[in-house]
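Structure, as structure tokens:
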Amino acid sequence: MQDRTYTADAEPGDHVTVAGWVHEIRDLGGIAFLILRDTSGKIQIKFEKDEMDDELVETGLDASRESVVKVSGAVEEEPRAPTGVEVTPDAVEVIAPADPELPLDPSEKVDADLSTRLDNRTLDLRKDDVQTIFEIRSDVLRAVRDQFREFDCTEINTPKIVATGTEGGTELFPITYFGEEAFMNQSPQLFKQLIAGSNVERVFEIGPIFRAEEHNTPRHLNEATSIDFEGAFCDHTDAMDVAEGIVKASYEAVQENFGDELEVLDLAEDFEVPEGEFPRISYEEAIERINATGELDEQLVWGDDLPTPAEEALGRDVGGHYFITDWPSEIKPFYIKDHDDDPELSTGFDLMHPRMELVSGGQREHRHEKLIEGFEQQGLDPDQFEYYTKMFKYGMPPHAGFGLGGERLIMTILGLDNIREAVLFPRDRQRLSP
RNA sequence: GCCCGGGUGGUGUAGUGGCCCAUCAUACAACCCUGUCACGGUUGUGACGCGGGUUCAAAUCCCGCCUCGGGCGCCA
């Protein structure tokens with residue numbers, strides 16, 4: 001439709017053809033208004049019954065809500081119209097009628113449950129705030145890519161069908177690959193390391209990860225988008241700098257490109273760009289601070305993983321993004337390097353938002369013998385990972401990286417209650433369709 | 001995987017054994033209304049997740065199943 005004008009571009013004095021959905025019809029008697037909605041916004045179409053062709057009026061006013069219509073007419077300035085302009089139609093065509101019984105209400109007079117919304121995502125996305133979530137998601141991913149390029153990174157794509165997992169076989173979705181057992185990849189971890197070890201050196205990937213865990217929470221998905229970084233000749237502090245830069249660039253993009261929308265929409269009321277450097281708190285200090293809050297029933301001791309209430313208590317105490325560094329080696333995976341001067345301490349770090357963990361990263365073990373030892377210590381068979389370990393025999397530089405949960409980033413930026421709000425078609429324990 | 005709490009018109013809800021051929025909002029239909037902007041008014045349409053049980057009587061109590069939400073563990 002080359003002759004179609006977006007509703008937002010209709011200027012007084014123009015004769016336009018607009019096309020979109022019937023948002024609402026308000027019939028006042030002698031005069032009636034049809035509100036037509038497209039991706040750019042809404043515009044009012046005026047029907048004066050006594051002064052206009054009966055058939056045209058009937059076609060326009062008989063259209064059910066959410067039908068797709070095409071309207072041609074003169075655009076006039078009209079202070080009484082919601083957008084200051086309205087169209088007096090000379091032609092109306094219903095292109096695709098909608099069943100009057102809608103599975104949810106896109107005009108948002110009545111809320112729908114999340115599961116009803118996800119079952120009818122097309123209609124759900126016709127709401128301004130829902131559409132804006134995904135416009136923002138798109139822009140955040142653009143900003144993330146731009147920022148990685150600032151950091152001299154090359155974007156890569158690694159396989160999602162793999163022969164072995166990253167950390168064993170328990171959380172993987174098994175599939176059949178030409179009669180052989182294979183899995184959906186839970187993380188690009190091993191592949192991105194193999195590329196960082198080439199002279200590409202610094203890489204990032206934005207792609208899906210698959211986890212077969214049967215959790216059912218507002219912050220977990222079985223298919224998620226991972227934002228991964230890996231850099232040769234980087235240590236864990238460099239990786240933290242990159243993670244911090246990526247998160248801040250995301251907030252800045254939202255502020256710059258969607259600041260006005262956030263003001264208007266019922267979305268992200270508490271939005272603010274994080275200021276200053278993210279504090280880097282050692283695991284040991286984190287435990288002390290959590291215990292000092294007195295919010296936990298039991299005191300934490302060295303070696304404990306941090307349970308959800310502990311993370312929340314520390315989040316309230318810190319009041320913004322922060323890193324937890326220097327985790328005990330035993331609770332971090334085999335590919336994370338220990339500190340040279342203390343093998344009990346790892347270079348692993350997490351980047352936390354007060355609500356939840358966003359990033360997990362660290363410096364990697366690049367020494368072949370140590371890597372093999374690590375496999376054995378975690379009860380994994382190094383032979384199964386030979387495609388990975390053998391490349392550590394041919395000059396693997398020190399390197400570091402992280403994985404950032406893409407949906408968690410969007411969720412925390414916008415203050416969404418449920419991570420499913422940040423995915424068009426989420427995959428969770430119960431949902432495989434649509 | 002474990003532990004809680006739910007499923008009532010198209011949508012969102014009220015309703016803890018009879019007072020309910022089930023409330024309200026929205027939607028839809030009809031009528032009235034010439035400037036609405038969540039238009040307003042009147043009338044009407046439309047529902048107790050599935051199966052079994054208890055009872056004179058079940059949306060309501062019990063059992064099983066399906067399904068949704070939340071918490072925990074673990075994670076991004």
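Only heavy atoms go into these numbers, but all of them, side chains included; no hydrogens, no water, no symmetry mates. Here is how names work: the chains are called A, B, and so on, in the same order as the sequence lines, proteins then strands, and each is numbered from 1.
With rounding to whole Å, A/R429 atom CZ is found 16 Å from B/G70 atom P. Look at CD1 on A/I324: it is 13 Å from C1' on B/C75, rounded to the nearest Å. Here the C1' atom of nucleotide B/G71 and the CE atom of A/M356 are 15 Å apart, to the nearest Å.
Across all strands, A/D305 comes closer than 4.0 Å only to sugar-phosphate atoms, never to a base (heavy-atom distances). Note on A/E311: a base of the nucleic acid sits closer than 4.0 angstrom, heavy atoms only. Using a 4.0 Å heavy-atom cutoff across all strands shown, A/T116 reaches sugar-phosphate atoms only and no base atom.
Classification of A/R117 and A/D111 as a salt-bridged pair fails, no side-chain N sitting under 4.0 Å from a carboxylate O. Note on A/R408 versus A/E357: no salt bridge recorded, every NZ/NE/NH1/NH2 to OD/OE distance being 4.0 Å or above.
Distances shorter than 4.0 Å separate none of the side-chain N or O atoms of A/S115 from OP1 or OP2 on B/C68. Side-chain N/O atoms of A/T225 include none lying less than 4.0 angstrom from OP1 or OP2 on B/A76. For A/N216 and B/C2, the shortest distance from a side-chain N or O to OP1 or OP2 is not below 4.0 Å.
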side-chain hydrogen bond (donor to acceptor under 3.5 Å, both in side chains) between A/T158 and A/K160, worked out: CA-CA 7 Å; A/T158 62; A/K160 305 306 156 201; 3.2 Å; yes
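Here A/S64 pairs with A/S67 under the side-chain hydrogen bond (donor to acceptor under 3.5 Å, both in side chains) rule; sequence neighbours left out.
The aromatic rings of A/F402 and A/F148 lie parallel to each other, their planes meeting at an angle below 30°, with 60° marking the opposite boundary.
Contact of A/R211 with B/C74 (side chain to base): no donor-acceptor pair of N or O atoms is detected under 3.5 Å.
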Using the 3.5 Å cut-off, write out each protein N or O paired with an N or O of nucleotides 64-67 of chain B and the distance between them.
none

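Of the candidate nucleotides B/U36, B/G73, B/U34, B/G73 has the atom nearest to the side chain of A/T308.
Both the sub-6.0 Å distance and the 45° axial angle are not jointly satisfied by A/R364 relative to the ring of A/Y335.
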